[in-house]
Amino acid sequence: MKLVIAEKNIAAQKIAQLLSQVGAPKTDKVYNTQVYRFTVDGEEWVSMGLAGHILAPDFPDEILFDQKAGWHSVDAEGEVLLADVPDGLPRPPYDTKRRPFLANGINIKGWKVESLPYLTWAPIVKNPAEKEIIRVLKNLAKKADSVVIATDFDREGELIGSDALSQVRQVAPEVPVARARYSALIKGEVTEAFAHLVELDQDLADAGESRQYIDLIWGAVLTRYLTLAKFGGFGNVRSAGRVQTPTLALVVERERERMAFVPEDYWQIRGKAEKDGQEFKIAHATTRFTDKATAELVFSHVDGSNRGWVSAVAKRSRKQAPPVPFNTTSLQAAAAAEGIAPARTMRIAESLYMSGLISYPRVDNTVYPRSLDLAGIVSGLAKNSPALAPVCKKVLAGPMKPTRGKTETTDHPPIHPTGQGNPESLDGGQKKLYNLIARRFLATLMGPATIENTKLSIDVEGEPFVASGDVLVQPGFREAYPYGLKRDEQLPALAEGDEVAVSDIALEAKQTEPPARYSQGRLVQEMEKRGLGTKSTRASIIERLYQVRYLKNDPIEPSQLGMAIVDALSQYAPRVTTPEMTAELDRDMTSVAEGKESRDHVVDHSRALLAGMLDELIEHKDDLGEAISDAVTADARVGACPKCGKDLVMKTSAKTRGSFIGCMGWPDCDVTYPVPSGVKVSPLEGEAAVCPECGAPRIKCQPFRNRAWEQCVNPRCPTNFEPDIKVGECPVCAEAGRTGELIAHKSERSGKRFIRCTNYELCEVSYPLPARGKLEATGEVCQDCGAPIVVVETARGPWRICVNMDCPGKEKKPARGRGGARKAGTGKKAGAKKTSAAKKAGSTKKASTKKTS
DNA sequence: GCAAGGTC
């Protein structure tokens with residue numbers, strides 16, 4: 001039996017299909033992993049896919065630490081740690097106390113500069129990372145007469161193959177092994193590769209391993225250093241790395257440019273014009289007056305004028321070319337513009353790919369290969385996506401000449417829908433992304449859009465004004481692909497000499513804007529441009545920067561912490577803050593791949609550079625720790641304490657682990673406030689930052705995907721106070737022969753609103769209320785369940801609701817808002833039952849929202 | 001509790 005090892009399942013399957021000589025390959029399972037059995041020249045072959053790297057580099061456990069003390073641990077005796085350090089280098093000085101220690105085996109504290117030349121570096125081992133895959137691999141290797149490594153034809157592919165070989169060798173030391181190098185999963189390429197097998201290129205694999213080692217060494221040493229310089233408790237890792245730190249630095253640099261930006265004043269004169277009831281905007285032909293006096297003089301000519309004459313009409317049509325096929329980066333950018341972050345795009349794309357709806361999502365290629373059955377895909381789409389059927393028919397009737405992008409590789413086709421499977425059952429995010437991909441695909445097969453621009457010149461009191469309008473006259477590809485399309489700006493039909501009514505001419509003072517912050521889509525593109533990360537890693541690296549709270553919001557802003565980290569590393573370890581480290585690594589890896597340098601030499605050189613920087617880092621550990629802790633406080637700040645003026649910050653209770661807002665002056669000052677639940681809290685600036693009623697800070701509350709509001713942080717403040725309101729009689733108490741009143745309360749602690757019966761010690765009736773909006777009792781009772789009806793004032797007007805979430809009446813009529821119809825609970829009895837009813841109502845609401853949205 | 005690179 002011949003064993004073929006591919007990098008991933010899809011490649012194993014494709015290879016089997018392309019090489020099988022007797023019918024289609026048979027899908028089989030070894031343990032729980034798919035493998036493909038087929039026959040070539042009478043020999044039995046089996047192909048299996050790995051899952052990328054199956055081994056992960058790390059420091060050996062016994063060198064690292066005893067598990068209890070983690071990174072802080074150099075064992076009291078230190079014997080285990082240091083006895084295993086090779087090369088007989090002198091021991092670093094340490095005492096019997098526990099010292100923070102870095103992954104390379106050195107202490108932060110207690111180190112002298114002159115000891116650095118004697119650094120002992122911890123060795124690196126490679127641990128199994130994909131245990132199931134390795135088990136299958138070994139199982140098959142034992143039975144194999146020969147092995148072919150058929151991983152991707154690139155540096156990481158060679159390393160993945162080399163790691164696989166090391167596992168094969170453990171169970172089959174003598175089995176013959178060869179390497180197949182194909183650069184496209186097409187018949188000619190693959191058969192050719194298997195006809196001319198070569199040897200595994202160990203130099204190329206070593207180059208990849210140098211990359212692994214250097215990333216681990218720098219990442220672990222700097223991450224541990226930053227984390228321990230001012231330890232913020234578990235869950236507060238301050239990470240650094242060859243790709244993430246320069247990426248963070250890009251964002252910080254942009255923010256600094258914005259802060260340094262000096263806005264310039266300019267003035268605009270704009271107004272409205274109207275003809276036959278159709279209104280449009282006009283602006284002075286001088287789009288920006290940089291001189292105020294000139295602007296005022298011009299304005300004085302036209303101020304209050306109500307007529308103008310069309311002095312010229314110019315029409316020009318321009319064509320907008322259809323877009324090029326999607327690769328990973330352009331998909332991420334387009335999806336980001338539709339509100340899907342790159343990391344989420346990749347998770348969704350992976351699921352669509354696994355369901356057979358789209359092609360392989362990790363590609364650089366932007367040119368469809370000739371072998372791709374474009375018409376077949378369009379027909380499939382027409383069949384499976386009714387909404388796209390009309391445009392699919394047009395595409396099929398047209399010439400179908402696909403566009404092509406600049407990057408052409410042959411490994412995988414650009415990202416496209418397969419036309420197979422049923423996209424109708426997809427949920428929100430999946431549907432959105434699938435539509436984007438399907439529509440993009442159709443657009444790449446269609447003609448250009450034609451946009452007609454009309455420019456009007458209008459004379460107002462001798463001053464030249466202009467108006468401009470764009471109209472899509474021929475949709476072309478826009479019929480399939482509306483993304484990023486501007487709305488038509490239609491101008492009325494006018495001819496030279498026509499009179500128009502002019503109104504509202506105003507002189508507007510403006511300021512130039514600083515350079516814009518990066519969107520997530522733009523940042524991915526910028527990383528690609530600067531050679532940072534790969535198509536498979538950029539999205540997750542950005543996500544990581546959010547996770548460690550170096551970044552916030554979208555468009556992206558660095559936190560104070562993020563800026564402090566970049567500042568510190570720029571000063572003491574500048575190499576890790578620029579894309580140049582990656583560029584140098586690429587050059588080093590080329591040398592290793594060419595056999596001019598050894599892996600160990602390149603890694604040792606990198607270690608020496610890091611050691612040189614550790615000198616300074618260790619010396620400035622306390623300054624840096626302080627800078628980090630100041631930054632963390634600044635990020636947590638919500639405003640000034642009304643009592644002592646110190647900072648009020650978000651804190652976590654040591655006892656309950658819950659968060660609260662507390663004064664930095666504690667224990668001298670005891671001011672605390674609860675954190676409004678379910679929202680992201682941020683400070684306000686300027687006048688809005690202080691409550692005029694009580695002096696506490698005012699804050700911005702941002703719920704997830706809902707409109708934000710501002711409020712005073714103090715729940716006892718009159719601006720937050722709501723008197724209890726009687727909303728009706730308790731139906732349960734009435735049935736039990738008692739008198740109970742239902743009262744709407746607002747909790748001072750949590751700010752939550754709810755209705756409770758005055759007999760709450762006996763009666764468990766309780767209903768949740770919407771968090772916001774003025775509440776009014778109506779005195780009416782629900783026809784369906786007997787609970788009171790209240791009116792809640794919302795941004796979109798008054799909302800009449802039965803307070804009982806389990807009311808059977810809610811099944812009949814759809815509720816307002818995005819959630820659609822709320823599913824009623826069992827609701828057997830009028831007036832509902834227990835507190836649990838309210839909880840249940842909450843959960844059924846969530847479930848039904850998911851179903852119907 | 002570290003990185004970045006594959007892929008699930």
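In what follows, chains are A, B, ... by sequence order, proteins preceding strands, each numbered from 1.
Within the 4.0 angstrom heavy-atom criterion, only backbone atoms of the sugar-phosphate kind lie near A:Y360; the bases stay farther away. Contacts of A:D152 with the nucleic acid, taken as non-hydrogen atoms under 4.0 Å apart, involve only primed sugar atoms and P, OP1 or OP2. Within 4.0 Å of A:A56, counting heavy atoms only, lies no atom of the nucleic acid at all. Across all strands, A:G157 comes closer than 4.0 Å to no nucleic acid atom at all (heavy-atom distances). Within the nucleic acid shown, A:Q212 comes within 4.0 Å of at least one base atom, counting heavy atoms only. Residue A:G219 is in sugar-phosphate contact alone, with no base atom involved, counting any heavy-atom pair closer than 4.0 Å across all strands shown.
Positionally, the nearest nucleotide of DNA chain B for A:T245 lies more toward the 5' end than for the other of A:H412 and A:T245.
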*Would you check, one step at a time, whether the test side chain to side chain donor-acceptor pair (under 3.5 Å) holds for A:Q34 with A:K29?*
CA-CA 5 Å; A:Q34 293 265 358; A:K29 273 197 169 174; over 6 Å; no

*Take A:Y353 and A:Y360, measure what ring pair (Phe, Tyr, Trp, His ring centres under 6.0 Å) needs, and give me the verdict at the end.*
CA-CA 6 Å; A:Y353 162 64; A:Y360 190 69; 5.4 Å; yes

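Nucleotide B:dG1 holds its P atom 23 Å from the OH atom of A:Y225, rounded to whole Å. A:L222 has its CG atom 11 Å from the P atom of B:dA3, to the nearest Å. One atom, CG of A:L159, and another, P of B:dA3, lie 19 Å apart when rounded to the nearest Å. In this entry the distance linking CG of A:L569 with P of B:dC2 reads 17 Å, nearest Å. Note: CG (A:L532) to P (B:dA3) measures 16 Å, nearest angstrom. Rounding to whole angstrom units, CD of residue A:E7 and P of B:dT7 are separated by 5 Å. For the pair A:I542 CD1 and B:dA4 P, the interatomic distance rounds to 12 Å; values are reported in whole Å. The distance between atom CE of A:M589 and atom P of B:dA4, rounded to the nearest whole Å, is 13 Å.
The phosphate of B:dG5 has OP1 or OP2 within less than 4.0 Å of a side-chain N or O from A:R242. For B:dC2, the OP1/OP2 oxygens have no side-chain nitrogen or oxygen of A:T227 closer than 4.0 Å. Side-chain nitrogen and oxygen atoms of A:R362 include at least one within less than 4.0 Å of the OP1 or OP2 phosphate oxygen of B:dT7. For B:dG1, the OP1/OP2 oxygens have no side-chain nitrogen or oxygen of A:T223 closer than 4.0 Å. Between B:dA3 and A:Q244, a contact under 4.0 Å exists linking OP1 or OP2 to a side-chain N or O. OP1 or OP2 of B:dC2 has at least one side-chain nitrogen or oxygen of A:R544 nearer than 4.0 Å. Close to B:dT7, at under 4.0 Å from its OP1 or OP2, lies a side-chain N or O of A:S536. At B:dA4, none of the side-chain N or O atoms of A:T537 fall inside 4.0 Å of OP1 or OP2 (strictly under the cut-off).
Taking the ring centroids of A:H620 and A:Y572, they lie under the 6.0 Å cut-off. Note: A:F194 and A:W45 meet the aromatic proximity criterion, with ring centroids under 6.0 Å apart.
Pairs of residues two or more places apart, or lying in two chains, that qualify as salt bridge (charged side-chain N to carboxylate O under 4.0 Å, His left out) and include a residue from residues 236-252 of chain A are A:D215-A:R242.
For A:R211, the side-chain atoms get nearest to B:dG5 when compared with the rest of B:dG5, B:dG1, B:dT7. Picking from B:dG6, B:dC2, B:dA4 the nucleotide with the shortest atom distance to the side chain of A:R224 gives B:dC2.
In this structure, A:T151 OG1 and A:H53 NE2 are separated by 10.0 Å, a value rounded to the nearest 0.5 Å. Note that the CG atom of A:L545 and the OH atom of A:Y550 stand 8.0 Å from one another [nearest 0.5 Å].
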*Reading DNA chain B 5' to 3', how would its secondary structure be written in dot-bracket notation, given Watson-Crick and G-U pairs with both distances under 3.5 Å, brackets [ ] for crossing pairs and | for partners on other strands?*
........

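Annotation: side-chain hydrogen bond (donor to acceptor under 3.5 Å, both in side chains) contacts of A:T537 (sequence neighbours excluded): A:T534.
For the pair A:L610/A:I217, a side-chain contact is recorded, criterion being any heavy-atom separation below 4.5 Å from C-beta on.
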